[in-house]
Structures are given as structure tokens and as C-alpha cells.
Amino acid sequence: MKKIIIAIDGYSACGKSTTAREVARHLGYVYGDSGAMYRAVTYYLLQNKVPLDDPQALQQALEQINLSFKRDEEGNLQTWLNGENVEAAIRSMAVSERVSTVAAIPAVRRAMVKIQRKLGENKGLVMDGRDIGTVVFPEAELKVFMTAKPEIRAQRRLKELQAKGINATLEEVMANLAERDHKDTTRADSPLKKAADAIEIDNSFMTFEEQVEKIISLAKERMQE
Ligand code: CDP
């Protein structure tokens, strides 16, 4: 069967990453978490107090950033930034509150898209994000646009954060998701939108297994075309 690229886009916290990771595992594909890349850049810029309105400082900072993804002992993918495991740090509310501002900067997007396209060079990739089917891989064989009701997304994200020992309230999480969705859909460069040829899946009332199954069966159809 031919190898394909699967692009999964959608709003914040609608389960794209967990679904994409499981689909990739099942198919023996590489999983690319584009959101983790924008989060890692945001973390670096915050740590190094880089002024976002200084193009030269920003460009210099982007050249210092070396991102990689490695599995831990349990097989979970971890984000590494310049030799440091930043997986926990990039999920903090401090990063969540700034990431959409950073992700709206064209120079940041150019740098991340380059890394993302490299991951897809040999196909056999599942990548989730906001502009994967529209900008990064417009030729992807399968494009999924995931949605879920805002209250359901906030509840799920709060549970995830709590499991990681990160403190937050439901109100904070809901406000953060609404703000990011607004910024992500209204920015000038690569806004979040459903690609014309994407299949929309609302997973508000689907189980995790059902969503994964659905995408795998769509992928198998595309692999045979
Ligand atoms: O997991 P969650 O839905 O909270 O977000 P994420 O996928 O980790 O992405 C974090 C942020 O990165 C998003 O809110 C976007 O601002 C940005 N992002 C983007 O601009 N383009 C992408 N392809 C992926 C993420």
C-alpha cells in the first residue's frame, strides 16, 4: 500500500494530538506535533526574554533553536529544545497564554514549516496543527478537520493538565481556548480554517477509539487510491 500524509487540523484541545499519535502508532507512521514546535519556540522566547517586536533579535533567536523529538522509556514522544527535555514546560499555562501571539509571527511560521515539511519528505506522516492541510501539506492525501463543543474541550484539557500536575481552573482553561481559537482563526498568516477537501469530524460525543477507527479507515481508503 502506498504511504500517505495525514493532516489533522482543528481548534485548540479537541483531541487532535492524542488521536494523531494513536493513528500514527497503528499505521507505523511518524507522528508530528506541530503545536509542540510553536510551544517550544514560545518557551525559548520567554526564557530568553526576546522582544517579539524586534525582527533582528527574533531572527537571531530562531537560529539558536534546535528542536527534536525523542521517545521516553514508556514510548511517549518528548519535545527537546537545545538538549533539554521541555515536554512539561511547554504545556504550562504561561506558554499557552502566549503561544498564539508567537505563532502569528510570519518569521516563526516560516522556520517551523521548514521543519514540518522535512518530516513529510518520505510520506508516512500524521501531523496535527492548524494549517497542516491548508499550508504545510496542501497535497496531503487525507485531511481531517476536528471539532468538539467548547465546554467538552475545556473539560478534557483540564483533566489532562491535572493529570500532569499543572494547576488551572475550568474558567482559565475555557478563556485560554477561546482566546487562542480567536487569534488562530483571525491571524493574517496561515489562519486556522477547514481546507476545502478536508473531512470534518465532530468528536464531542465520540469515544477516543471511535475517532481513531474512523481516521484509520479513511486513511486505508486513501492508501489504495
Ligand atoms: O494542544 P492544543 O490544541 O492546546 O494546541 P497545540 O496544538 O499545542 O498548539 C498550540 C498553539 O500553537 C495553537 O493555539 C496555535 O496558536 C499554534 N499552532 C499554529 O499556529 N499552527 C500549527 N500548525 C500548530 C499550532
Side-chain angles (χ1 to χ4, degrees), residues 5-21 23-24 31-43 45 52 62 67 79 90-93 95-117 119-120 125-158 160-161 172-204 206 211 214-215 218:
I5 290 185
I6 304 175
I8 305 183
D9 289 304
Y11 300 102
S12 296
C14 60
K16 298 180 301 292
S17 305
T18 22
T19 307
R21 196 178 299 127
V23 169
Y31 163 57
D33 183 346
S34 68
M37 299 178 193
Y38 289 98
R39 287 175 176 274
V41 170
T42 304
Y43 174 75
L45 299 176
L52 300 183
L62 286 171
L67 288 177
T79 310
I90 63 169
R91 310 290 164 188
S92 69
M93 287 305 284
V95 169
S96 294
E97 275 159 16
R98 289 170 183 85
V99 61
S100 290
T101 303
V102 171
I105 304 172
V108 171
R109 303 205 70 81
R110 274 197 301 275
M112 295 306 107
V113 169
K114 213 165 141 190
I115 302 175
Q116 292 155 10
R117 291 201 175 129
L119 282 175
L125 172 75
V126 186
M127 185 171 280
D128 77 303
R130 304 293 185 287
D131 60 341
I132 310 305
T134 50
V135 174
V136 185
F137 297 115
E139 75 291 1
E141 287 82 355
L142 175 60
K143 299 179 187 178
V144 174
F145 192 81
M146 286 210 343
T147 63
K149 292 188 187 304
E151 319 79 72
I152 294 180
R153 294 196 266 136
Q155 295 279 5
R156 289 180 185 158
R157 176 51 49 96
L158 184 65
E160 264 175 29
L161 290 173
E172 273 169 349
V173 172
M174 280 204 74
N176 177 252
L177 299 185
E179 194 187 331
R180 280 199 285 134
D181 285 347
H182 177 70
K183 285 191 174 146
D184 294 346
T185 49
T186 56
R187 69 183 174 219
D189 188 344
S190 318
L192 164 65
K193 62 168 185 248
K194 180 174 172 273
D197 51 351
I199 294 169
E200 186 163 335
I201 299 179
D202 182 332
N203 66 28
S204 302
M206 283 170 97
Q211 318 170 37
K214 169 103 189 142
I215 297 176
L218 288 168

Asp184 (side chain) donor-acceptor with Leu192 (main chain) under 3.5 angstrom: no
Donor-acceptor pair, side chain of Asn203 and main chain of Ala148, under 3.5 angstrom: no
Heavy-atom closest contact (Gly32 atom, Leu125 atom, distance): N-CD1, 4.0 Å
Minimal non-hydrogen separation, Leu62 against Ala107, with atom names: CD1-O, 3.6 Å
Distance-minimising heavy-atom pair for Arg91 and Leu161: O-CD2, 3.8 Å
Ala40 versus Thr79, closest heavy-atom pair with distance: CB-CG2, 4.2 Å
Pairs meeting criterion side-chain hydrogen bond (donor to acceptor under 3.5 Å, both in side chains) with involvement of residues 146-155, two or more places apart: Arg153-Asp181
Residues forming a side chain to side chain contact (heavy atoms under 4.5 Å, CB included) with Glu172, sequence neighbours excluded: Met93, Ala168, Thr169
Side chain to side chain contact (heavy atoms under 4.5 Å, CB included) involving Arg117 - partner list, sequence neighbours excluded: Val113, Val135, Val136, Phe137
Contacts of Arg157 that satisfy salt bridge (Lys or Arg N to Asp or Glu O under 4.0 Å) - sequence neighbours left out: Glu160
Donor-acceptor side-chain pairing of Ser12 and Arg130 below 3.5 angstrom: yes
Contacts of Thr101 that satisfy side chain to side chain donor-acceptor pair (under 3.5 Å) - sequence neighbours left out: Lys183
Counterpart residues, salt bridge (Lys or Arg N to Asp or Glu O under 4.0 Å), relative to Asp131 (two or more places apart): Arg109
Partners meeting side chain to side chain contact (heavy atoms under 4.5 Å, CB included) with Ala24 (sequence neighbours left out): Tyr29, Tyr31, Val126
Salt bridge (Lys or Arg N to Asp or Glu O under 4.0 Å) involving Lys214 - partner list, sequence neighbours excluded: none
Rounded distance [0.5 Å steps], CG in Leu177 versus NE2 in His182: 14.5 Å
Side chain to side chain contact (heavy atoms under 4.5 Å, CB included) against Thr42, all qualifying residues, sequence neighbours excluded: Leu46, Val95, Arg98, Val99, Val102
Closest contact, heavy atoms only, Ile215 versus Leu142: O-CD2, 3.9 Å
side-chain hydrogen bond (donor to acceptor under 3.5 Å, both in side chains) contacts touching residues 189-199 (sequence neighbours left out): Lys143-Asp197
Partner set under side chain to side chain donor-acceptor pair (under 3.5 Å) for Ser17, not counting sequence neighbours: Asp128
Separation between CE of Met127 and CD1 of Ile6, rounded to the nearest 0.5 Å: 12.0 Å
Atom CZ of Phe145 with >12 non-hydrogen neighbours under 6.0 angstrom: yes
Arg39/Ser96 under side chain to side chain donor-acceptor pair (under 3.5 Å): CA gap, chis, key distance, verdict: CA-CA 7 Å; Arg39 287 175 176 274; Ser96 294; 3.1 Å; yes
Partner of Gln211 under side chain to side chain contact (heavy atoms under 4.5 Å, CB included), chosen from Thr19, Ile8, Val23, Thr18: Thr19
Side-chain donor/acceptor of Arg180 to backbone N/O of Ser100, under 3.5 Å: no
Counterpart residues, salt bridge (Lys or Arg N to Asp or Glu O under 4.0 Å), relative to Glu200 (two or more places apart): none
Considering all heavy atoms, the nearest Ala7-Ile132 contact: CB-CG2, 3.6 Å
